[in-house]
Each structure stands twice: as C-alpha cells, then as structure tokens.
Amino acid sequence: MKKLLSGILALMLCVSAMPLSANAEGDSVNVKVTISDKDGNAVLQQKNVTVTDIDNDGALTINDALIIAHNENYEGGAEAGYESAKSEYGWGIQKLWGNANGGSYGYYVNHTASMGVGDPINDNDYLDVFTYTDLENWSDKYTFFDGLNAETLPNIPLDLTLSYAGYDENWNPVTLPVEGAVITINGEKTDFVTDANGYVEITFPETGEYIVSAVSDTMTLVKPVYPVSVKEYLGTYGDVDVDGDVDIVDVLALNQHLLGVEIIEGDGLKYADVDCNNILNDTDAMNILKSLVNLVSLPIVAE
Ligand SMILES: [Ca+2]
Ligand SMILES: [Ca+2]
Ligand SMILES: [Ca+2]
C-alpha cells in the first residue's frame, strides 16, 4: 500500500510539474512557411513550423524558422540546405533549399518585405521566402492574394485579388495589381485571368483541397501559394440562392421568384420552403426575414 501511495505521489509530482514545462511553450511560436527554390517551384507550401530559438541568440527570428523548416523538410536538414551570414548589409540568407546564389533571396512576413533573417517572428505569422530565378535583372516579383487561404463551396464564385510588391519612383515599397496573370489550380493553367486591378473570380466544380497560384507571360512572378478548401454544401433552410449564407439576398431572391422575375432552380427550391409545406409563398419569405432578426429559427416545422 505504501508503495502504491508513493507511486501516486510521484505521479502527482509529475502532474504538478507540468505547468512548468507548459511555461516553456512561451518560447515557441507556430508559423506557416513557404519556400520557393531556384526553379521557382514552391517546395514548401504554407508548411506549419513550430519555431524555437534553435540558433540560441535569445530571440525568435526568421533565421530560427528557416533552420527548423529545413531540418524538418530538407534532406540533410539545415546543415545541408540552409546558411545565413551577417555582413555590413545585415543578416541575410546565403543558401536556401540547397542553393547558394550569392544572396539573391526575398523574404516576406505576412506579405510585407523583411529587412533580414534577424527580424522577429511571431505566433501565426506567415513567412514566405523565395530564390531569385532571374540573377541578371532580378525581375522576380513577389506576389500574393489577399489573406492566406479561403474556403468556398462548389460553383460559388471566389473573389481574389493578386498583388505584387513593387516600388514607386522614390523607391518606397508599394503594393500593385498583377494584370493578365493566368490562375493555376494545383499547377494546371485555367481560363481565369486577372484584370487590370488584379481581380479575378474563380470557381471550383468539385469539392476538395486545392492550391491556387498564378503565372504570367509578361512578368516574372514568384508564384503565390493560396490553399482553397472547397467543402460540400449540405444546405440550410432559408438559403434560397444556395451560397452558404442566409441573408437579405435570399429574401429578395424568393420575392423575385414569387413575382416570376427570376425563377429559383435546384436545391434553392427546397431551402426556400422554410415551413416545409411544399408551397412557396410570401409566408416563406416573411419567415426568412424573421429569422434574420432571430424572431424564428428555420425550418419552421408544423405542430
Ligand atoms: Ca534565435
Ligand atoms: Ca444565401
Ligand atoms: Ca412554404
């Protein structure tokens, strides 16, 4: 019995010691890392990396993130694939993904240019590092879509804007639209092309996980990495236009249908009949409206 007790005590000591090790979690942050290699291929695509102070300089920096990203993903680890060095110009990359090109790399945190790999990195940051492919004119343009990723439904338009990091006439960094870029989905070119504002509306016919990117005939783009998750839509009562939300647009769509202006088809007919009486009328429209101000919840099932 005594043995058992001391065992339990030892266990309790272990448990009570746990908050101490939990404190150590403050010494790491979780970031997403994208790396493009010398051929312009995204060899890491928003890869989750837990960053610790692996270079022991007392700070969590881009350098730590890149060492760990290589250790975990590059054959031979950071020792084989990554090098950084401090010079009069700052602390920069010397080798990335096994390629040493004289220091021609670009690095961005949350789509903003970084000054060097000694820049701090914080929880949920997005680190994007690329190798220049044009070593004569450095024409490579860092590009990005708004945000980090998106979720949508099959055949529901997804709005994207593609921008690149450029400079104005005074060499101040500015964000400019990428015009005429062809959108790729999982590396395949599509018919979607960005307009003069960098804007494009894309759709996915099927559910699945996709990487959206872009290529251009006229610019050297650092290919953006933009994961899109296309989920199956299971339908919601009140969602007349079947876009995943119940809002005033659904009330208007139903009214248009009842007036014979624009006829609803498909699943919308089912989700518009919110009292499930197989009749579409003003009562359904009124009940959707009421649901928007939380007077009723849908569907309304007859007693
Ligand atoms: Ca460090
Ligand atoms: Ca809707
Ligand atoms: Ca009805």
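Numbering of ligands and ligand atoms starts at 1, following listing order.
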Query raised in the report: Leaving waters out, which protein N, O or S atoms fall under 3.0 Å from the Ca ion (ligand 2)?
Result: D239 OD1, D241 OD1, D243 OD1, D245 O, D250 OD1, D250 OD2
Query raised in the report: With a cut-off of 6.0 Å (strictly less than), are more than 12 heavy atoms of other residues, nucleotides or ligands near CG of D39?
Result: yes
Query raised in the report: Excluding sequence neighbours, so at least two apart, what forms side chain to side chain contact (heavy atoms under 4.5 Å, CB included) with D140?
Result: F130, Y132, T133, D134, T220, V222
Query raised in the report: Under 3.5 Å, is there a donor-acceptor pair between the side chain of H257 and the main chain of I264?
Result: yes
**Report entry** Gap separating the NE2 atom of H70 from the CD atom of E79, nearest 0.5 angstrom
**Finding:** 13.0 Å
Query - Main-chain N/O of Y271 paired to D267 side chain as donor or acceptor, under 3.5 Å - result: no
Report task. Around the Ca ion (ligand 3), list the protein N/O/S atoms within a radius below 3.0 Å, excluding water molecules. Result -> D273 OD1, D275 OD1, N277 OD1, I279 O, D284 OD1, D284 OD2
Query - Ring center gap for Y210 and F204 short of 6.0 angstrom - result: yes
Query raised in the report: Can you check whether D243's main-chain N or O pairs, donor with acceptor, with D239's side chain at less than 3.5 Å?
Result: yes
Query raised in the report: Do V49 and I54 belong to the same hydrophobic cluster, where Ile, Leu, Val, Met, Phe, Trp and Tyr are linked whenever their side-chain heavy atoms lie under 4.5 Å apart, directly or via other members?
Result: yes
Query raised in the report: Taking the side chain from Y226 and the backbone from N149, do they hold a donor-acceptor pair closer than 3.5 Å?
Result: yes
Query raised in the report: Taking D195 for the side chain and N197 for the main chain, is one N or O donor matched with an acceptor at less than 3.5 Å?
Result: yes
Query raised in the report: Does a donor on one side chain and an acceptor on the other come within less than 3.5 Å for W91 and S84?
Result: yes
Query raised in the report: With a cut-off of 3.0 Å, which protein N/O/S atoms are close to the Ca ion (ligand 1), if we only count those under it?
Result: D53 OD1, D55 OD1, D57 OD1, A59 O, D64 OD1, D64 OD2
**Report entry** Output field: ring centroids Y107/Y105 closer than 6.0 Å
**Finding:** no
Query - Under 3.5 Å side-chain donor-acceptor pair for N30 and T50 - result: yes
